[in-house]
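Note on naming: letters A, B, ... go to the chains in the order of the sequence lines (proteins, then strands), and numbering restarts at 1 for each one.
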Number of protein chains: 2
Amino acid sequence: MTVIAPPQGLTIAEASERTGLTTHTLRYYERDGLMLRGVGRTSSGHRVYTERDLTWVRMLTRLRATGMPIREVKAYAALCRSGDGNETERLALLQNHRARVLAQLAEVTEHLGAIDNKIGIYQSALERADA
Amino acid sequence: MTVIAPPQGLTIAEASERTGLTTHTLRYYERDGLMLRGVGRTSSGHRVYTERDLTWVRMLTRLRATGMPIREVKAYAALCRSGDGNETERLALLQNHRARVLAQLAEVTEHLGAIDNKIGIYQSALERADA
DNA sequence: CTGGCGCTTCGAGCGCACTCGAAGTCAAGC
DNA sequence: GCTTGACTTCGAGTGCGCTCGAAGCGCCAG
């Protein structure tokens, strides 16, 4: 009935539970080359997620949640995968992303200010109507 | 050659220039019911944008830029269109949106902090390598 | 009066990021 | 040994927000 969690590893269902991603999405990410290395398998072919895998998935989730496109996450994964010696490139990629996120935050904050004004206008109009 | 800007109005090309949206997008927004009221036409059927139209488009752009889905912008437009008396609903819609944007900003900021840590790690690793 | 541009409508197509369904396999419980 | 159910792969489908192309019309310059 229950699929055995293989020694030292988690099933895809457990990985899903811990990362908040669906099993479909976890498989999709692996398929698409976003994982650091292919996820391990049991003898019967079932995926085995290690803590390292989950740590990477969480990093990946942060990059995605801040708006990094899949293709760029893939590029970052490729850099990490190819081992030592390209830390400068990885740093550049992350700094680049950071700059874009900051710009985006500033833009959204500015637009939000204007929306807040609008909210204020409706509020005082309604207060005046009450009085 | 140049299309006459009709008296008291702007051509779609001028509206495009002033809003930063493409003419395709401006037409799409109108088609999709995002405009407050249908944009006016010349006798030959060309669109005529007024300052009021542009003001609305700018509001619309702010809503979109802060992540409001098209269908919700449409709902907001519908409320505004149906005249006075539903200010409470409009306010609720905007406040709802505001809350989501704030949550989103907080989330992105948190993820960005973690990414910053990663950047810091790469930086100190590279500094140590230099030394 | 003709060439060409910028507009018109309509509908199809695209990129992104999933999301889902079908068909099959495998280990465990009864 | 048969059922069950979580897993496997593969490929197709979805939703969003544009984005683009085709075909046609009207106005003005030459």
Side-chain angles (χ1 to χ4, degrees), chain A residues 1-7 9-35 38-49 53 57 60-77 97 100 104 111, chain B residues 1-7 9-35 38-49 53 57 60-77 97 100 104 111:
Chain A
M1 190 190 272
T2 44
V3 170
I4 25 157
L10 301 153
T11 64
I12 194 169
E14 289 163 337
S16 162
E17 207 176 315
R18 276 169 220 221
T19 59
L21 301 173
T22 67
T23 58
H24 280 302
T25 302
L26 285 170
R27 288 192 205 99
Y28 162 66
Y29 280 176
E30 186 184 349
R31 240 194 290 173
D32 222 40
L34 271 69
M35 296 303 289
V39 176
R41 303 292 152 118
T42 63
S43 56
S44 59
H46 289 198
R47 286 171 178 79
V48 183
Y49 286 85
D53 290 329
V57 170
L60 200 156
T61 298
R62 291 192 187 283
L63 295 175
R64 292 289 304 115
T66 49
M68 184 181 286
I70 293 274
R71 64 176 174 288
E72 201 166 332
V73 178
K74 210 157 24 180
Y76 181 62
H97 179 58
R100 284 192 316 244
Q104 166 80 4
H111 287 310
Chain B
M1 191 189 268
T2 42
V3 171
I4 23 157
L10 301 153
T11 63
I12 193 170
E14 290 163 337
S16 161
E17 208 176 314
R18 277 171 221 220
T19 59
L21 300 173
T22 68
T23 58
H24 280 301
T25 303
L26 285 170
R27 288 193 206 101
Y28 162 66
Y29 280 176
E30 187 184 348
R31 236 194 297 173
D32 222 39
L34 272 70
M35 296 305 288
V39 176
R41 302 293 151 118
T42 63
S43 56
S44 59
H46 288 197
R47 285 172 178 78
V48 183
Y49 286 84
D53 290 329
V57 169
L60 200 157
T61 299
R62 291 193 189 284
L63 295 175
R64 292 288 305 116
T66 49
M68 185 182 284
I70 294 275
R71 66 178 171 287
E72 201 166 332
V73 178
K74 212 160 14 181
Y76 180 62
H97 179 58
R100 283 191 318 245
Q104 166 80 4
H111 287 312

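The phosphate of C:dT9 (OP1 or OP2) has a side-chain N or O of B:R41 nearer than 4.0 angstrom. Taking only side-chain nitrogens and oxygens, A:R47 comes nearer than 4.0 Å to OP1 or OP2 of D:dT9.
The side-chain hydrogen bond (donor to acceptor under 3.5 Å, both in side chains) check on B:T25 picks up B:T22, with sequence neighbours excluded. Under the side-chain hydrogen bond (donor to acceptor under 3.5 Å, both in side chains) criterion, B:S44 pairs with B:T42, sequence neighbours left out. Annotation: side-chain contact (heavy atoms from CB on, under 4.5 Å) contacts of B:A15 (sequence neighbours excluded): B:L26, B:Y49, B:L54. With sequence neighbours left out, B:T66 forms a side-chain contact (heavy atoms from CB on, under 4.5 Å) with A:V108, A:H111, A:I115, B:H97, B:V101.
Taking atom NZ of residue A:K74 and atom C1' of nucleotide C:dG15, one finds them 13 Å apart after rounding to whole Å. Straight-line distance from the CG atom of A:L10 to the P atom of D:dA6: 17 Å, rounded to whole Å. What separates CD of A:E72 from P of C:dA17 is a distance of 10 Å, to the nearest Å. The CD atom of A:E17 sits 14 Å away from the C1' atom of D:dA6 (whole-angstrom rounding). A straight line from NE2 of A:H46 to C1' of D:dG5 spans 10 Å, rounded to a whole angstrom. Taking atom CG on B:D32 and atom P on D:dC16, their separation rounds to 11 Å, with Å as the unit. As rounded to whole Å, 13 Å separates atom C1' of C:dC7 from atom CD of B:E14. Rounded to whole Å, atom C1' of C:dC7 lies 7 Å from atom CZ of B:R27.
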Inset, instruction - Using a 4.0 Å heavy-atom cut-off, write out nucleotides 17-23 of chain D from 5' to 3' as B (base contacted by protein), S (sugar-phosphate only) or - (no contact). - result: SBBB---
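Counting only residues at least two apart or in different chains, salt bridge (charged side-chain N to carboxylate O under 4.0 Å, His left out) contacts with residues 23-33 of chain B comprise B:E30-B:R41, B:E30-B:R47, B:D32-B:K74.
Judged by closest nucleotide on DNA chain C, B:T23 is the one of A:S44 and B:T23 placed further toward the 5' end.
B:E72 places no side-chain N or O within 3.5 Å of a backbone atom of B:P69 that could act as its donor or acceptor partner. In this structure, the side chain of B:T23 does not engage the main chain of B:I12 through any donor-acceptor pair within 3.5 Å.
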